[in-house]
Amino acid sequence: MSNHQLPCEKMPRHYVLRGCQWVDKEGASVNTDIEVLDNRIVRIERGGKIDTADLSMDIYNTDNQLVTYGLCDVHVHLRQPGFEAKETIATGTLAAMKGGYTAVCAMPNLNPTPDSVEHIEEELDIIRKDASIKVYPYASITDGRKGHRLVDMNRLKQYAVAFSDDGSGVQSESMMREAMEEATRLGVIIAAHCEVNDLLRGGYIHDGNYCRRNGHKAICSQSEWEQIERDLRLAEETGCRYHVCHISTKESVRLIRDAKARGVKVTCETGPHYLVFCDEDLKDEGRFKMNPPIRSAEDRDALIEGIADGTIDCIATDHAPHTADEKSRGLKGSAMGVVGLETAFGVCYTHLVKKGIISIEKLVALMSLNPRRIFGLDVEGEANFSIFNLNSEWTVDPEKFASMGKSTPFEGMHLYGQPTQLIYEGKIFNL
Ligand SMILES: [Zn+2]
């Protein structure tokens, strides 16, 4: 464990968080007291006070603070092993802590690819040594994420949170069908980055007005939704538990909404940047380049609707750090990917909750409860908490990030809602 980089102290064996705004699985309730013994939640007193008079427990005053189960991001790139110039498990998990997360799921775009027990063990060794919070690795669906040969899912399933070839779509329908049949047999999740390579044609931003006006090469929406449409059909036929990564188009929202109504076992995520920006907000800077790209205003509004009506289950950052050099070449030449762990809560609180689009309970569901439930990461009664000051106003300054990646479209944005402390495995961290 290397989380000593943040100031922290040990929590007492027996304590009470007094007067917090607590969002639990049934919804929010103000002025809740939470009693913790040996890192387990033993009592939650809604609206009432736990009598601490004749008990030897410490009291932590959390008046006017939001307290939640630790946030959980199911889509991050920690870049290690293989790409340590971009990020490491140590810096990436520190960034996650500063964003209010106590758990992340790490994508398999690594070298070596976690496509065998030997390879995933290499990643797990670094996690055990350097991670300051829980890191659940994905294994790839196919060898080397190349899309040709299925990994040994049966051997990998005890190590991997789910299976994904993130970074590219599985192009072959028969390959994806085989993967889903095996996943169904084993009871594991396929999480897919959906992208039809034949439709990319060298594009790198959304096929919209900004792109045409400025003579860039376009990524059409169909490259995403066409593969989602195929996979939803396969998931329906095979009975597979299917999770769609970072959806960005209005068609994707509609397809998933319809599939859910038919009883397909599908869940999905989108990222904060797709909910806040549209292509008219783009600047010719690397910090606005990621895959999938920021889409049109219509797409953004459809995603917000999908959040509000429950079609979209999770907000995940797709935290994807690169070096400053790789992000310095404008929209055309920069690498795809932006960082997100240290801004996600403030961005979503400011742009979704404060504007009255969703409730704070809904936001906590999207960023903590749903991701844990869907991926089976919920440890009942575990006293790992994120603490937020919702009234705190702050400005996004990438130079202050713990992440090695500094490229974010949210740079300079004024936000409300700041993670202030984490209680994790019996210690309290000041963020
Ligand atoms: Zn992806």
Side-chain angles (χ1 to χ4, degrees), residues 3 5-9 11 15-24 27-34 36 41 44-47 49 58-73 93-104 132-133 272 275-276 315 317 339-369 383-403 408 410-424 427-431:
N3 50 23
Q5 289 180 66
L6 286 173
C8 75
E9 57 186 77
M11 292 299 278
Y15 65 89
V16 167
L17 297 179
R18 170 143 286 169
C20 60
Q21 180 185 354
W22 168 246
V23 178
D24 66 11
S29 117
V30 286
N31 296 323
T32 301
D33 284 3
I34 302 171
V36 175
I41 299 171
I44 294 174
E45 196 68 42
R46 291 172 182 81
K49 293 258 187 259
D58 289 86
I59 299 164
Y60 284 76
N61 194 341
T62 44
D63 265 351
N64 301 318
Q65 309 248 56
L66 173 73
V67 177
T68 69
Y69 291 109
L71 303 186
C72 173
D73 190 339
T93 55
L94 193 62
M97 286 185 102
K98 290 190 73 179
Y101 292 90
T102 61
V104 295
S132 50
I133 53 162
L275 297 166
V276 173
I315 292 177
T317 64
V339 296
L341 285 167
E342 290 166 83
T343 49
F345 183 85
V347 165
C348 294
Y349 178 71
T350 306
H351 287 273
L352 298 174
V353 178
K354 262 189 100 66
K355 289 182 182 167
I357 296 167
I358 62 171
S359 65
I360 187 71
E361 295 91 322
K362 180 85 175 180
L363 182 62
V364 173
L366 288 158
M367 296 186 73
S368 171
L369 305 178
N384 292 334
F385 303 110
S386 304
I387 303 175
F388 302 88
N389 181 346
L390 295 181
N391 298 316
S392 162
E393 222 181 317
W394 58 292
T395 303
V396 177
D397 177 2
E399 290 313 310
K400 291 188 183 151
F401 286 169
S403 172
T408 167
F410 300 110
E411 181 177 343
M413 194 175 263
H414 299 288
L415 299 175
Y416 291 87
Q418 199 164 31
T420 53
Q421 291 176 307
L422 273 190
I423 297 175
Y424 179 72
K427 289 185 199 152
I428 187 161
F429 296 86
N430 293 307
L431 308 176

Inset, instruction - Check Trp394 against Thr343 and note the closest heavy-atom contact, atom names and distance. - result: CH2-CA, 4.2 Å

Inset, instruction - Write down the atom of Tyr416, the atom of Tyr349, and the distance for their closest heavy-atom approach. - result: O-CD2, 3.5 Å

Legend entry - Val276 side chain near Phe410 side chain, heavy-atom distance below 4.5 Å: yes

Legend entry - Close side-chain approach of Leu71 and Phe388, heavy atoms under 4.5 Å: yes

Inset, instruction - Determine whether Glu342 and Thr408 make a side-chain contact, defined as any pair of heavy atoms from C-beta on separated by less than 4.5 Å. - result: no

Legend entry - Check: Thr62 side chain, Gln65 main-chain N or O, donor-acceptor pair, under 3.5 Å: no

Legend entry - Side chain Thr350, main chain Leu415, donor-acceptor under 3.5 Å: no

Inset, instruction - Check whether any side-chain heavy atom of Leu363 lies under 4.5 Å from a side-chain heavy atom of Val23, and answer yes or no. - result: no

Inset, instruction - Please check if the side chain of Glu411 supplies one atom and the backbone of Pro398 the other of a donor-acceptor pair under 3.5 Å. - result: no

Legend entry - Straight-line distance of Arg18 CZ to Asn31 CG, nearest 0.5 Å: 10.5 Å

Legend entry - Short side-chain to backbone donor-acceptor contact, Ser368 and Gly70, under 3.5 Å: yes

Legend entry - Nearest-0.5 Å distance that lies between atom CD1 in Ile387 and atom CD in Gln421: 5.0 Å

Legend entry - Test item: Ile133 and Val104 side chains (from C-beta on) under 4.5 Å apart, heavy atoms: yes

Inset, instruction - Would you name the heavy atoms of His351 and Met413 that are closest together and state the gap between them? - result: NE2-SD, 3.5 Å

Legend entry - Test item: side-chain donor near acceptor, Thr420 and Asn389, under 3.5 Å: no

Legend entry - Side-chain heavy atoms of Gln21 within contact of Leu390, under 4.5 Å: yes

Inset, instruction - Would you check if the distance from the ring center of Tyr424 to the ring center of Phe429 is below 6.0 Å? - result: no

Legend entry - Contact summary for Ser386 and Gly100, nearest pair of heavy atoms: OG-O, 2.6 Å

Legend entry - Leu341/Phe401 under side-chain contact (heavy atoms from CB on, under 4.5 Å): CA gap, chis, key distance, verdict: CA-CA 9 Å; Leu341 285 167; Phe401 286 169; over 6 Å; no

Inset, instruction - Measure the CG-CG distance between Leu6 and Leu431 for me, rounded to the nearest 0.5 Å. - result: 6.0 Å

Legend entry - Beyond-backbone contact of Ile423 with Tyr15, side-chain heavy atoms, under 4.5 angstrom: yes

Inset, instruction - State the CG-OG1 distance between Asn384 and Thr68, to the nearest 0.5 angstrom. - result: 10.5 Å

Inset, instruction - Indicate yes or no for a side-chain donor-acceptor contact from Asp73 to the backbone of Thr317 under 3.5 Å, with no hydrogens or angles considered. - result: yes

Legend entry - Steps toward side-chain contact (heavy atoms from CB on, under 4.5 Å) verdict (Phe385, Val36): CA-CA 11 Å; Phe385 303 110; Val36 175; 4.0 Å; yes

Legend entry - Nearest-0.5 Å distance that lies between atom CD1 in Ile360 and atom NZ in Lys354: 10.5 Å

Legend entry - Considering all heavy atoms, the nearest Ser359-Val353 contact: O-CG2, 3.9 Å

Legend entry - Whether Thr93 side chain and Ser132 backbone form a donor-acceptor pair below 3.5 Å: yes

Legend entry - Closest non-hydrogen atom pair between Val67 and Cys20, with its separation: CG2-CB, 3.3 Å

Inset, instruction - Taking the side chain as every heavy atom from C-beta outward, state whether Leu352 and Leu366 have any pair of such atoms under 4.5 Å apart. - result: no

Inset, instruction - First locate atom CG of Leu422, then atom CE of Met97, and finally report the distance between them rounded to the nearest 0.5 Å. - result: 5.0 Å

